Novice: 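Mind looking over this structure? Questions follow.
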Amino acid sequence: MRKTVWLTTAAGLGALLVSAGLHSTLAQTRTTLDIYTVDVEGGNATLFVTPSGESLLIDTGNFGPEASVRDAERIMEAVRDAGLRQIDHLIITHWHGDHFGGAEELAKRIPIKHFIDHGPNQQPAPIPDKFLAEVYPKLIANAKHTVAKPGDKIAMTGLDVQVVTSNGETIKTPLAGAGAPNPYCARFKGGENNIEDPLSVGVHITFGKFRTMHLGDLTKNKEFELMCPNNRVGTIDLFLGLHHAVNTSTSEVMMHAVRPSVAIVNNGTRKGAQPDVMQVIFSSPGFENLWQIHFSQLSGQEYTVPGMFIANHTDAEMAAMPVAPVAAPAPGPNAPPPPAHNGKSYWIKVSAQTDGTFTVTNARNGFSKTYAAPKPGTN
């Protein structure tokens, strides 16, 4: 039975909210798989909402007294836009602060029913270790908790969500239709990485004929293990995240083999979108467009995309964007802060149909583009 609530505030006087039926009503009218890439300032927060109203959130943004609140609120804006009353599944891809940082604050704002991770932190540091010892046990105490393994499936109506990487392991059996030899393996060059990034939980998602993938911060060496000598994931339509487009990930062995027509990168104002990664993305066979959460100083105008594909500016606008890429300062406590963006933020939203067609929209300027379903044998 639906409960009708009359709003008596000045802003809502005379408006009618069918609160008990809100979630089901939206689910009945939604026919697409909706994906929100939320601006969490170079971290990750990607929300999937099915036509039935089920939800999957991958990561929760940054850690910090102000950053955690900011990013939890930004995620909640997407949650409210989607008409959700709970997060059904939350994947924390790995134990870096830009991925788990908003979890505690988010849990204060909305119920989270299922937590998924790769297991214990293997890169000791005070912040994640304290979070895992003092906060995470309380979050999962009244929820389902799963330590993901490659090959696991996350049950969601109308979606096939399969874990392809977790805790440094990859699937051994190719996905349906995959398994062909990967021609890019022969010229692969490995890279350096920290301990946690290669442990990322990565998922492949199918909605009818639409295929997408999010691999957390999986690094080049693990990309090689997943994709060589045979491509075990096949081709996809949309690649999400791309480890912020930093140069420890997104090798040809991955990007060129899965042949996405579109990618959305969760970069920051001075994080990711580095020239060598951008070259790999732009030269990928069949690639059409890259959408960025931020303009990155590290790419400059030389290696970036037109502004209509970029969702967010900075609090203090620069008079002009540099043409040449800016070199990243050496990490450490004396590094100058990146250009700040703590004001109004905008997501990039994808609405996918079961025939493989999908539309990407920049919430900042309303620019959208629809991508047709690939013809058989062209992707």
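If you're wondering where the values come from, they're calculated on a predicted model, not measured in any experiment. Worth knowing before you read on, the calculation uses all heavy atoms, side chains too, and leaves out hydrogens, waters and symmetry mates.
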Novice: Heavy-atom count around Lys189 NZ within 6.0 Å, excluding the residue itself: above 12?
Specialist: no
Novice: Salt-bridge test for Lys113 and Asp88: reply yes if a basic N is under 4.0 Å from a carboxylate O, no otherwise.
Specialist: no
Novice: Just grab all the ring-ring contact (aromatic ring centres under 6.0 Å, His included) pairs involving residues 255-275, residues at least two apart or on different chains.
Specialist: Tyr184-His256
Novice: Below 30° counts as parallel, above 60° as perpendicular, anything between as tilted: where do the rings of Phe131 and Trp95 land?
Specialist: tilted
Novice: Enumerate donor-acceptor pairs with a distance under 3.5 Å from any side-chain N or O in residues 58-72 to protein atoms, sequence neighbours excluded.
Specialist:
unit_1, atom_1, unit_2, atom_2, d
Asp59, OD1, Thr93, N, 2.8
Asp59, OD1, Thr93, OG1, 3.2
Asp59, OD2, Asn44, ND2, 2.9
Asp59, OD2, Thr93, OG1, 2.9
Asp59, OD2, His99, ND1, 2.6
Thr60, OG1, His99, O, 3.3
Thr60, OG1, Phe100, O, 3.1
Thr60, OG1, Gly102, N, 3.2
Thr60, OG1, Ala103, N, 3.0
Asn62, ND2, Val40, O, 2.4
Asn62, ND2, Asp71, OD2, 3.0
Ser68, OG, Asn62, O, 3.2
Ser68, OG, Gly64, N, 3.0
Ser68, OG, Gly64, O, 3.0
Ser68, OG, Gly101, O, 3.0
Arg70, NH1, Asn342, OD1, 2.8
Asp71, OD2, Asn62, N, 2.8

Novice: In terms of side-chain geometry, is the basic nitrogen of Glu77 or Arg74 positioned less than 4.0 Å from the acidic oxygen of its partner?
Specialist: no
Novice: Establish, for the pair Lys222 and Phe224, whether the NZ or CZ atom is under 6.0 angstrom from the six-membered ring centre and no further than 45 degrees off its axis.
Specialist: no
Novice: Within a strict 4.5 Å, meaning less than it, do heavy atoms of the Gln292 and Val305 side chains meet?
Specialist: yes
Novice: Indicate whether any N or O donor in one side chain lies under 3.5 Å from an N or O acceptor in the other, for Asp81 and Tyr36.
Specialist: yes
Novice: Would His145 and Tyr136 count as a close aromatic pair, with their ring centres under 6.0 Å?
Specialist: yes
Novice: So, Asp98 and Lys271, do they make that salt bridge, N to O below 4.0 Å?
Specialist: yes
Novice: I'd like to know if Arg187 pairs up with Glu252 as an ion pair, taking the criterion as any Lys NZ or Arg NE/NH1/NH2 lying under 4.0 Å from an Asp or Glu carboxylate oxygen.
Specialist: yes
Novice: Mark yes or no for whether Arg211, through its side chain, and His204, through its backbone, hold a donor-acceptor pair below 3.5 Å.
Specialist: no
